[in-house]
Undergrad: 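Once you've had a glance at the structure underneath, I'll fire off some questions.
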Amino acid sequence: MHGTQPVNSIAPLRTSLTRAGLALVVIACGLSLRWYGFPLGLPAFVVKYGGSLLWATMVFLLVGVLLPRLTRTQLAAIAVLIAIVVEFSRLVHVPWLDAFRLTTAGALLLGRIFSLWNLVAYAIGIVFGVGLDRLADMRRVSPLNSQTAGSTRE
């Protein structure tokens, strides 16, 4: 045990809670954009792809909630994989899946229509999520706390 650092079990919990809070804010922003974007006169492009961007940001953050010990790069790779699978699942048409997509939850979670442009929005959203996570991590890290300062990950 000589020379080993104690395992900080609080850091992953703190990280998960921070990411969960950010995910809730992103979800609220995404729902607000979808529900109020058109009535506020926002262009269809902003409402459609802004929602896709925020969806991917949410996916990145929720993956980070579930897997707080992974690096941001690993989380981003998993989020990209989820986004690709969800987008290409729109090409699959079976009655139960199509019925779910017609519900509000199905439309928000899985979407309805396949578009390669969504993949671009997802990529931007995941990069945005990485930036948010990095910013939140920088705010948590204090130069006076050497244990926390060593927890910054890429």
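The analysis underlying the following values was restricted to heavy atoms, covering all of them including side chains, and did not include hydrogens, waters or symmetry mates.
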Undergrad: Check W55 against L109 and note the closest heavy-atom contact, atom names and distance.
TA: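 Distance-wise, the nearest heavy atoms are NE1-O, 3.2 Å.
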Undergrad: Could you go step by step and tell me if V65 and L61 meet the side chain to side chain contact (heavy atoms under 4.5 Å, CB included) rule?
TA: CA-CA 6 Å; V65 168; L61 291 167; 5.6 Å; no
Undergrad: Rounded to the nearest 0.5 Å, how far apart are OG of S32 and CG of L40?
TA: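 Rounded to the nearest 0.5 Å, the OG-CG separation comes out at 9.5 Å.
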Undergrad: Within the side chain of R19, is there an N or O that forms a donor-acceptor pair under 3.5 Å with the backbone of L62?
TA: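 Not at all, since once roles are kept as given, no pair shorter than 3.5 Å links the two residues.
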Undergrad: Which residue pairs pass the salt bridge (charged side-chain N to carboxylate O under 4.0 Å, His left out) test with at least one member in residues 52-66, sequence neighbours excluded?
TA: none
Undergrad: Taking ring-ring contact (aromatic ring centres under 6.0 Å, His included) as the cut-off, I'd like each qualifying pair that reaches into residues 92-113, sequence neighbours left out, listed once.
TA: none
Undergrad: Please tabulate, one pair per line, all N/O donor-acceptor pairs under 3.5 Å involving side-chain atoms of residues 115-132, not counting sequence neighbours.
TA:
| unit_1 | atom_1 | unit_2 | atom_2 | d |
| --- | --- | --- | --- | --- |
| S115 | OG | W117 | N | 3.1 |
| N118 | OD1 | K48 | NZ | 3.0 |
| N118 | OD1 | S52 | OG | 3.1 |
| N118 | ND2 | E87 | OE1 | 3.3 |
| N118 | ND2 | E87 | OE2 | 3.3 |
| Y122 | OH | E87 | OE1 | 3.0 |
| Y122 | OH | R90 | NH2 | 3.0 |

Undergrad: For the hydrophobic clusters of this structure (ILVMFWY residues joined by side-chain heavy atoms under 4.5 Å, transitively), does one cluster hold both V26 and L24?
TA: no
Undergrad: Holding to side-chain contact (heavy atoms from CB on, under 4.5 Å), I want the full list of residues that pass it with L17, two or more places apart in sequence or in another chain.
TA: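 side-chain contact (heavy atoms from CB on, under 4.5 Å) check on L17 returns L13.
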Undergrad: Which residues pass the side chain to side chain donor-acceptor pair (under 3.5 Å) test with S16, not counting sequence neighbours?
TA: none
Undergrad: With a 4.5 Å limit on heavy-atom distance, are the side chains of V86 and V59 in contact?
TA: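 With C-beta onward as the side chain, the pair stays apart.
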Undergrad: Are F60 and V25 connected in a single hydrophobic cluster, I mean Ile/Leu/Val/Met/Phe/Trp/Tyr linked by side-chain heavy atoms less than 4.5 Å apart?
TA: no
Undergrad: Under the side-chain contact (heavy atoms from CB on, under 4.5 Å) test, which residues partner I78, sequence neighbours left out?
TA: V63, L67, L70, I82
Undergrad: Looking at every non-hydrogen atom in both residues, tell me the closest pair between V46 and L33 and how far apart they are.
TA: O-CD2, 3.7 Å
Undergrad: May I ask you to test the L108-L31 pair for a side-chain heavy-atom distance under 4.5 Å?
TA: yes
Undergrad: I'd like to know if I84 and L91 are part of one continuous hydrophobic network [Ile/Leu/Val/Met/Phe/Trp/Tyr, side-chain heavy atoms within less than 4.5 Å].
TA: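 Same cluster: L91 reaches I84 through Ile, Leu, Val, Met, Phe, Trp or Tyr contacts under 4.5 Å.
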Undergrad: Quick one: which residue pairs count as a side chain to side chain donor-acceptor pair (under 3.5 Å) with a foot in residues 100-111, not counting sequence neighbours?
TA: D98-R101
Undergrad: Taking a hydrophobic cluster as the set of Ile, Leu, Val, Met, Phe, Trp and Tyr residues connected by side-chain heavy atoms closer than 4.5 Å, whether directly or through intermediates, do Y36 and Y49 fall within one such cluster?
TA: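 Yes, Y36 connects to Y49 through the hydrophobic network.
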Undergrad: Applying salt bridge (Lys or Arg N to Asp or Glu O under 4.0 Å), name anything that partners R34, two or more places apart in sequence or on another chain.
TA: none
Undergrad: So, using ring-ring contact (aromatic ring centres under 6.0 Å, His included) as the criterion, who are the partners of F114 when residues are at least two apart?
TA: F88
Undergrad: Kindly check if the number of other-residue, nucleotide or ligand heavy atoms within 6.0 Å of CD1 (I113) is above 12?
TA: no
Undergrad: Is there a path of hydrophobic side-chain contacts, each under 4.5 Å between heavy atoms of I, L, V, M, F, W or Y residues, that connects V94 with V85?
TA: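 Each belongs to a different hydrophobic cluster.
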